[in-house]
Structure formats: C-alpha cells, structure tokens
Amino acid sequence: MPQAATLAYTQPAYSAAVEKTLGRKPQLFINGEWVDSSHGALLDVEDPSTGKVISQIVDASEKDVDRAVAAARIAFDDGRWSSLPALQREKTMIRLAELIEANADELAELEAIDNGKPKSIAGAVDVPGAANQIRFMAGWAGKLAGETPTPYGLPQGATFAYTLREPVGVCAQIVPWNFPLLMACQKIAPALAAGCTLILKPAEQTSLTALRLADLVAEAGFPAGVINIITGLGETAGDRMVRHPDVDKVAFTGSTDVGKLIGRNATDTMKRITLELGGKSPVIVMPDVDITQASQGAASAIFFNSGQVCVAGSRLYAHRSIYDRLLEGLAEATPRWVPRPALDPAAQMGPLVSSEQYDRVMGYIEAGKRDGASVVIGGDSPSNDGYYVNPTVLADVNPQMSVVREEIFGPVVVAQRFDDLDEVAKAANDTCYGLGAGVWTRDISVMHKLVSKIKSGTVWGNCHTVVDPALPFGGYKQSGIGREQGRQGIEPYLETKTVFIQL
Ligand code: NAP
Ligand code: MG
C-alpha cells in the first residue's frame, strides 16, 4: 500500500438543494410540526470528508422529549392511527416510501456529507433500502391476525376463546450513525404497520436524513403525533426516552455497552425491548474456493462502509493451504477501497464518521502492533484532512489480542489460519458476539455443517452483508435481543390479548 500521508483530498461542492437544507433553522418535529427547543442548545454537524462544521441541529432537552412523548401518547390513545382502516395505514406508508424515492438524490447526498459514505453507495444501498423497509412492512398492516385456539382442558362448546393482536403503544426508537436513514426506516416501519406511534432519535453525528424524513412524513399525510423526530444526545434525550413512564417499547440499535445500559433502564417500567448490538463476525474460507472471488468477497465484507457495519467480516479465517494466496488476493482487491471524499464519484469507501471513531480505529491498529500483530496492508491514513483510514489487514495475531476480541468498527481485518472444521467453528464462536458469519466454499456438505455449528443470527454462504427486508435480522449472545425485518420484525410491536368467553 503506497504511503501518502500528505495528500489533501477535496470534497466536491454540495448541490443547491443540500445547501438549502443545511441552512434551515434547527428544530424538532413534534406533533406534526417543526418546533423550537425549550432551550437554545445546539450541536454541530460535521462533514467527515473535510472535518468542517456544515450545519447545526437541536440538542433536545428533557422537556423536548417529554413534549414529543406526550404527542405520541395522545396520538396513540385516541386511536387516530391504530383505528384507521389497515388499507389507509398501508397506503400512507407506501406514500412515504414513494417520497423517499422521489427525493433519493438529495437524501443520498445528505447521507454522504453527514456520515462520510460515498454518495453512490448511499444512493444504491441506503436510500432504496430505506424505502424497501417501509414498503415491505406496509404490507403487514392488513395481514395481522389473532388465532382461535381450541381450549384443551374444557369441554368443547362450553367456551369460546380467541386472541387479538394489538399495537404495543408508544415506541422510543434510537438508531446509530452507520446507516442513518436505512436504520431509521427499519425502526419506524414495523411500528407504523402495527399501529404504534413513535419518537425517533437519530445519532447526534448523523441526524440530517432523519430530519428530511420528517418533511416527507408531513407530506405523506400521517396524522399529527404518530411520528415524532427529535435530535440530541444519547445520555440526555435518549436516556429520557428510555426511562419515560409513558413509553411502552424501546427499540435500539447501537453498541453492546449502551444496549446493556438501555436494557437495564427500560426494565424499571417493564418496557418491551429489542436490541440490535455489536458484532465481531467471522469469515471462513475453505480451500476449494475461487481465490480471486473469495478475496474480493472478504475485502468487501470488511471494507464496505469503511468497516462501520455491525456484521463486518472482521475476523478472517483462511484454510492453511490457501492462507498465503488469499492474503495476496486481498492485497490485489484492496486498492479499490482506498478512501476518497464522499462526493467524489470514484469513491468506493469514504472516511470514518468522526474524529472519535478515527482515534478509536487508529488506537486499535496501534494496540495490535504493540501486541505483536504485523500490518500486511494499510495501517495508516492517506490524508491529513477528514477522518480517512486506509483498508488494513493485520496478520500474526492470536485470540487474546484486543484486535481479535473487540469490535473495532473500522476497515481493519485480522487474518488467521485453520486446519479443520471443528477447529474453525470453535474459533469462530470464541466471542461474546453472534451477529453474522460468512462461509466461503463450493462444498454444500461443508457449508451446512458450518451453518449448524456457528452461533450467529445470520450465516452468509459465498457472500456477506446481504440484507433483505423479508429476512429476519438480529443477534445471538451479546449481539442483541429480538429480530427486525421479516414476519418476526413486527412481533415486538404487537401485544397478544387472550379473550375467554364462557358460553
Ligand atoms: P452507540 O454509541 O451505542 O449509540 C447508538 C445510539 O444510542 C445513538 O443514537 C446514541 O446517541 C444513543 N445513546 C447513547 N447513549 C445512550 C443512553 N444512555 N441512552 C439512550 N440512548 C443512548 O453506538 P454508535 O457508536 O452510534 O454505533 C456503533 C455501534 O452500533 C456498533 O457497536 C455497532 O456494532 C452497532 N450496530 C449494531 C447494529 C445491529 O443491527 N446489530 C447495526 C448497526 C450498528 P448519540 O450518539 O446521539 O449521543
Ligand atoms: Mg456529521
């Protein structure tokens, strides 16, 4: 990897539409209106491609949160959303998906300058993915149903029993900065389909697309108070959402440490909880693969979104007989991923999201080196501006090192060798996480053996990070509780009421 630490990258100019959005007065979207915060506190919005401040957002106070919860509570309790015909709920959701699609270019650019991901990727993955989350879940609005179980211990005909599925109520939804709009829509979609109302808080680093989403919510025709979008800090606004007595359910995506804290805080009032947390996902490469294809797959498993992906393939296990060739293939695949500014049309990978994330990732690389790991590729930054880290491959690692055990959340993969299936399955499972895993082989028998041995919410065969709204997503072990997407994704937004009538 060429060293180019003096390069100054240039982020191309923003579009007029985005400049206009950035110049708006910082406000919160509560009860169907843009409102001022109860106090004047603001947070800076930074473009990670340049490190420059480009706008400001509201740092919501506890009072602001209380106001948003009150709006959601009233909107739920008076049934203005849940008692609408399911057809109308579905149509309103589809309208929101259409508006996202109609504003795709601006949303992709906003995501790129806020998160640092290439605009081309945001336009191909995040924005259509967000619309599809809503489209898929909209279809459930009219397909929810209870059951009529036959009582077991009572004479037939003496009673009539059935179950009803009812929306759980007011939902507090908190999302991270790595796929801001996509995760926001992944959260709101099942809540809306179930008939819930909600308060959404994006991450402080990446709130721009959630704020634009609020405009589209208003345009789509949702009743006031059904969707409330507030910006602010996790420790203040987020914490208030989690503890608020009028909130019935918390849905969180983020780090495992914060997830544990939120789980504890939400339990005081026995809120329903779903948690999508961190990972340290293995990628296992068997000797029978096409090396070029598998190396490219392993590279995109870790370098996509600058490695800031909860299922990033951050532990590479290559069979001893192909280990050297796979690392050579990885070196050949890597130049494509050298980071560039998010609006550069040639960018495949952008900078990391923030200076904190940059320091964290570089700190892990330094810790790895101190522990004895060797840097095979990268390990440095190509530029003095922005938060760019070159795609990095570390070798000569052992299972005790922090780079092998802990989630780095950057473009850093650790490579290890293995000899047989039991050994690699044991190594793959030697983690507190269990979110994703990739298996590369053409041998269908080996594939299924590994699928059953690996403890994780998703196993990919000959691919990685493929996500679809119809397929459940979530973690085993400390990677989370519950599932999003698919039929399972709507369950956490529904209560079951049993009705038992003596005839
Ligand atoms: P984070 O620090 O846990 O923050 C996530 C969200 O929680 C942010 O909106 C944050 O607010 C908020 N928050 C922080 N402290 C809080 C508290 N005490 N109470 C309520 N809310 C609080 O995670 P991150 O650094 O943004 O995201 C990276 C992590 O997310 C990684 O660990 C990654 O693996 C995980 N992740 C998991 C999945 C999955 O589906 N399993 C998907 C993507 C990411 P502020 O930041 O605005 O203060
Ligand atoms: Mg930003």
Side-chain angles (χ1 to χ4, degrees), residues 43-46 57-60 62 65 114-115 117 126 129 133 172-184 186-187 199-208 210 229-244 247 250-266 268 271 273-281 304-314 352-354 356-361 364 406-410 431-436 456-458 465 467 471-485 489:
L43 298 167
D44 286 341
V45 177
E46 222 183 32
I57 54 170
V58 169
D59 176 8
E62 294 196 353
V65 173
D114 206 6
N115 164 279
K117 67 179 68 199
D126 296 65
Q133 292 285 338
Q173 304 189 308
I174 300 175
V175 292
W177 43 256
N178 56 348
F179 293 91
L181 181 69
L182 179 54
M183 298 233 172
Q186 191 183 45
K187 288 277 178 292
I199 307 100
L200 172 78
K201 191 194 87 63
E204 73 186 84
Q205 300 89 343
T206 56
S207 295
L208 296 179
I229 300 182
I230 61 161
T231 56
L233 298 174
E235 310 88 78
T236 50
D239 188 61
R240 181 68 183 156
M241 287 165 69
V242 169
R243 293 176 193 266
H244 201 296
V247 168
V250 174
F252 169 79
T253 296
S255 60
T256 292
D257 284 347
V258 174
K260 288 178 184 174
L261 183 68
I262 285 178
R264 284 194 288 269
N265 293 342
D268 273 349
K271 294 180 174 52
I273 309 168
T274 36
L275 302 171
E276 299 287 353
L277 310 176
K280 189 77 181 173
S281 300
F304 171 61
N305 217 44
S306 305
Q308 302 168 129
V309 182
C310 49
V311 293
S314 51
L352 300 180
V353 72
S354 62
E356 292 77 33
Q357 194 62 16
Y358 176 88
D359 291 342
R360 175 188 157 94
V361 172
Y364 269 111
E406 294 171 24
E407 182 178 50
I408 299 175
F409 226 56
T431 168
C432 67
Y433 296 114
L435 197 55
S456 72
T458 299
T465 322
V467 177
L471 293 167
F473 183 85
Y476 280 28
K477 302 199 275 184
Q478 293 188 32
S479 287
I481 295 177
R483 292 290 178 273
E484 295 190 301
Q485 303 186 156

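Both ligands and their constituent atoms are indexed starting at 1 by order of listing. As the structure is a prediction and not an experimental result, all values here were calculated from the model. Numbering starts at 1 and runs along the sequence shown.
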Audit row: V247, K271, side chain to side chain contact (heavy atoms under 4.5 Å, CB included) steps and yes/no:
CA-CA 7 Å; V247 168; K271 294 180 174 52; 3.6 Å; yes
Looking only at protein heavy atoms, which one is nearest to atom 9 (O) of ligand 1, and how far off is it?
V175 O, 2.9 Å
Ignoring hydrogens, just give me the one of G238, A266, P176, S255 whose non-hydrogen atom is nearest atom 1 (P) of ligand 1.
S255
Taking atom 35 (C) of ligand 1 as the reference point, the nearest protein heavy atom with its distance
G254 O, 3.0 Å
Given T231, which partner from the list D59, V58, L200, T206 fulfils the side-chain contact (heavy atoms from CB on, under 4.5 Å) test?
V58
Tell me which protein heavy atom sits closest to atom 32 (O) of ligand 1, plus the residue, atom name and distance to 0.1 Å.
E407 OE1, 2.6 Å
Give the atoms of ligand 1, by number and element, whose distance to some non-hydrogen atom of A203 is under 4.0 Å.
9 (O), 47 (O)
Here the atoms of ligand 1 under 4.0 Å from any heavy atom belonging to L233 are 48 (O)
Can you confirm, on distance only, whether ligand 1 has an N/O atom lying under 3.5 Å from any N/O atom belonging to S479?
no
Can you tell if the side chain of F473 reaches within under 4.5 Å of the side chain of C310, non-hydrogen atoms only?
yes
Check ligand 1 against D239 and write out every atom of the ligand that is under 4.0 Å from a heavy-atom position of the residue.
19 (N), 20 (C)
Taking the side chain as C-beta and beyond, is there a heavy-atom pair between V45 and I57 under 4.5 Å?
yes
Min over P202, G279, C310 of heavy-atom distance to atom 39 (C) of ligand 1 lands on C310
Would you please determine whether Q205 falls within less than 4.0 Å of ligand 1 on a heavy-atom basis?
yes
Could you tell me the residue and atom name of the protein heavy atom closest to atom 24 (P) of ligand 1, and the distance to it rounded to 0.1 Å?
W177 NE1, 3.3 Å
Near E235, which atoms of ligand 1 are under 4.0 Å from a heavy atom of that residue?
48 (O)
Working for side chain to side chain contact (heavy atoms under 4.5 Å, CB included), residues F179 and V309
CA-CA 8 Å; F179 293 91; V309 182; 4.0 Å; yes
May I ask whether G232 places a heavy atom under 4.0 Å from ligand 1?
yes
So is F473 close enough to ligand 1, meaning a heavy atom under 4.0 angstrom away?
yes
Within a strict 4.5 Å, meaning less than it, do heavy atoms of the H244 and I199 side chains meet?
no
Identity and distance of the protein heavy atom lying nearest atom 18 (N) of ligand 1:
L261 CD2, 3.5 Å
Numbering the atoms of ligand 1 from 1, which are under 4.0 Å from a heavy atom of T253?
5 (C), 36 (N), 37 (C), 38 (C), 39 (C), 40 (O), 42 (C), 43 (C), 44 (C)
Counting only nitrogen or oxygen atoms and a 3.5 angstrom limit, does L277 reach ligand 1?
yes
Tell me the salt bridge (charged side-chain N to carboxylate O under 4.0 Å, His left out) pairs involving residues 474-485, sequence neighbours left out?
K187-E484
For a side chain to side chain contact (heavy atoms under 4.5 Å, CB included) check, start with the C-alpha distance between V242 and I174, then their side-chain angles and the critical distance, and finish with the verdict.
CA-CA 9 Å; V242 169; I174 300 175; 3.8 Å; yes
Atom pair CG (L43) and CG (L233), whose distance is rounded to the nearest 0.5 Å:
5.0 Å
For ligand 1, which atoms sit closer than 4.0 Å to a heavy atom of K201?
9 (O), 11 (O), 45 (P), 47 (O)
With heavy atoms of N178 as the reference, note each atom of ligand 1 found under 4.0 Å away.
43 (C), 44 (C)
Report the member of V467, V258, N265, L435 with the shortest heavy-atom distance to atom 14 (C) of ligand 1.
V258
Measure E484 to ligand 1 on non-hydrogen atoms and call it side chain, backbone, both or neither using the 4.0 Å cut-off.
neither
Look at the side chain of K201 and the backbone N and O of G232, then say whether any donor-acceptor pair between them is shorter than 3.5 Å.
yes
for atom 17 (C) of ligand 1, nearest protein heavy atom and its distance come out as G234 O, 3.4 Å
So, taking the atom named CG in N178 and the one named CD in Q205, what distance separates them when rounded to the nearest 0.5 Å?
10.5 Å
Do E407 and Y433 pair up side chain to side chain, a donor and an acceptor below 3.5 Å, judged on atom types alone?
no
Let's go through K260 and T256 carefully: what are the C-alpha distance in whole Å and the side-chain angles of both, what is the deciding distance for side chain to side chain contact (heavy atoms under 4.5 Å, CB included) to 0.1 Å, and is it a yes or a no?
CA-CA 6 Å; K260 288 178 184 174; T256 292; 3.7 Å; yes
How would you list, by chain and number, every residue that makes a side-chain hydrogen bond (donor to acceptor under 3.5 Å, both in side chains) with Q485, sequence neighbours excluded?
Q133, Q186
Counting non-hydrogen protein atoms only, what is the nearest one to atom 46 (O) of ligand 1? Give residue, atom name and distance.
E204 OE1, 3.5 Å
Give the numbers and elements of all ligand 1 atoms closer than 4.0 Å to a heavy atom of F252.
3 (O), 5 (C), 6 (C), 7 (O)
Any side-chain to backbone donor/acceptor pair from D114 onto S207? Under 3.5 Å, distance only.
yes
Can you tell me the protein heavy atom closest to atom 12 (C) of ligand 1 and the distance?
I174 CG2, 3.6 Å
Any Q357 heavy atom less than 4.0 Å to ligand 1:
no
Any nitrogen or oxygen of F409, side chain or backbone, less than 3.5 Å from one on ligand 1?
no
